[in-house]
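Here's the structure we're looking at; comments come further down.
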Amino acid sequence: PVESISVEEMKRIFETNFFGAVRMIKAVLPDMKRRQSGHIVVISSVMGLQGIVFNDVYAASKFAVEGFCESLAVQLLQFNVFVSMVEPGPVNTDFELKLMEEVSRSEFPGTDPATVRYFKDVYLPASHEIFTTLGQSPAAVAEAIVNVIGARRPAFRTQTNRLYTPLVALKYADPSGDLSVRTYYRLLFNYGTLFHLSM
């Protein structure tokens with residue numbers, strides 16, 4: 001819950017996910033422009049396209065990466081430099097399992113009891129279900145990255161997990177944003193059982 005995350009912790013997430021990518025791009029860009037050739041591949045996330053409940057800060061950092069790279073991609077076409085965003089969905093790793101275990105034991109100071117209850121009793125089980133049913137292996141994501149790197153005309157966006165694409169598509173089906181926001185809300189908070197079955 002956002003109430004229990006300090007601004008300093010938020011800055012650390014942006015330092016890694018956003019400014020880390022920006023620093024790397026700034027380091028390689030001048031030479032690519034001089035050569036009139038290059039391909040920048042950035043690992044983003046489907047959460048750079050669609051915010052997910054209780055992933056506020058992570059999603060914000062990936063939205064920032066997406067906006068930065070989308071703007072840059074337009075500018076760099078005149079230099080024959082391509083930008084590609086690789087957008088994995090859930091990936092099954094030991095890191096994710098350890099994080100879930102750690103989070104389930106946390107107290108979340110500053111967060112109201114109703115939010116903590118939603119987080120622990122609704123979100124965490126649903127998140128575990130998503131990783132179990134929709135999660136990819138790191139090898140599958142690596143293979144997708146290799147394909148992007150090897151493409152003659154690389155796409156700007158590549159989602160690695162086709163099973164996750166319909167969830168992201170909700171956002172683009174309705175310009176007002178209501179469809180995706182309300183659908184996620186209903187699935188998670190009103191129809192928990194249906195959500196699990198749909199997975």
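The two residues I13 and S61 make their nearest non-hydrogen contact at CG2-OG, 3.9 Å. What you find for V91 and S137 is that their closest heavy atoms are CG1-C, 4.1 Å. Scanning all heavy atoms of the two residues, the minimum distance from E66 to S45 falls at OE2-O, 4.1 Å. When all heavy atoms of A151 and P154 are compared, the closest pair comes out as O-CD, 3.7 Å. Minimum heavy-atom separation, Q50 to S180: OE1-CB, 3.7 Å. The two residues M10 and I5 come nearest to each other via the heavy atoms CE-O, 3.6 Å.
Within 6.0 Å of atom CD in E107, 12 or fewer heavy atoms from other residues, nucleotides or ligands are found, so the atom counts as exposed in its surroundings. Remark: R35 CZ is packed, more than 12 non-hydrogen atoms of other residues, nucleotides or ligands lying under 6.0 Å away.
In terms of modelled atom types and a separation under 3.5 Å, the side chain of N55 and the main chain of V53 share a donor-acceptor contact. Between the side chain of K33 and the main chain of V81, no donor-acceptor pair closer than 3.5 Å is present. Using modelled atom types, one side-chain atom of T183 and one backbone atom of L179 make a donor-acceptor pair closer than 3.5 Å. Of the possible polar contacts, none joining the S4 side chain to the P109 backbone as a donor-acceptor pair under 3.5 Å is found.
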F54 vs S127, side chain to side chain contact (heavy atoms under 4.5 Å, CB included): CA-CA, chis, key distance, verdict:
CA-CA 10 Å; F54 291 119; S127 183; over 6 Å; no
May I have the step-by-step check of side chain to side chain contact (heavy atoms under 4.5 Å, CB included) for N147 and E143, ending in yes or no?
CA-CA 6 Å; N147 290 337; E143 185 179 335; 4.3 Å; yes
Let me see the working for R157 and L49 under side chain to side chain contact (heavy atoms under 4.5 Å, CB included), right down to the final yes or no.
CA-CA 10 Å; R157 285 197 169 95; L49 300 172; 3.3 Å; yes
Yes or no on side chain to side chain contact (heavy atoms under 4.5 Å, CB included) for F156 and E70, after CA distance, side-chain angles and deciding distance?
CA-CA 8 Å; F156 175 66; E70 189 170 311; 3.7 Å; yes
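Residues F63 and M85 do not share a hydrophobic cluster, clusters being chains of Ile/Leu/Val/Met/Phe/Trp/Tyr side chains in contact below 4.5 Å.
Atom CD1 of I145 and atom OG1 of T160 lie 8.0 Å apart (nearest 0.5 Å). If you take CE on M32 and CG on L76, they are separated by 9.0 Å, rounding to the nearest 0.5 Å.
T115 meets the side-chain hydrogen bond (donor to acceptor under 3.5 Å, both in side chains) test with D112; sequence neighbours excluded. A search for salt bridge (charged side-chain N to carboxylate O under 4.0 Å, His left out) contacts involving E8 returns K11, not counting sequence neighbours.
In this structure the side chain of V83 never reaches within 4.5 angstrom of the side chain of I25, judged on heavy atoms. For the pair R23/E15, a side-chain contact is recorded, criterion being any heavy-atom separation below 4.5 Å from C-beta on. Considering only heavy atoms from C-beta on, E87 stays 4.5 Å or farther from K62 through its side chain. Side-chain contact between P138 and T93 is present, with heavy atoms from C-beta onward closer than 4.5 Å.
Taking the six-membered ring for Trp and thresholds of 30 and 60 degrees, F14 and F18 have ring planes more than 60 degrees apart, a perpendicular arrangement.
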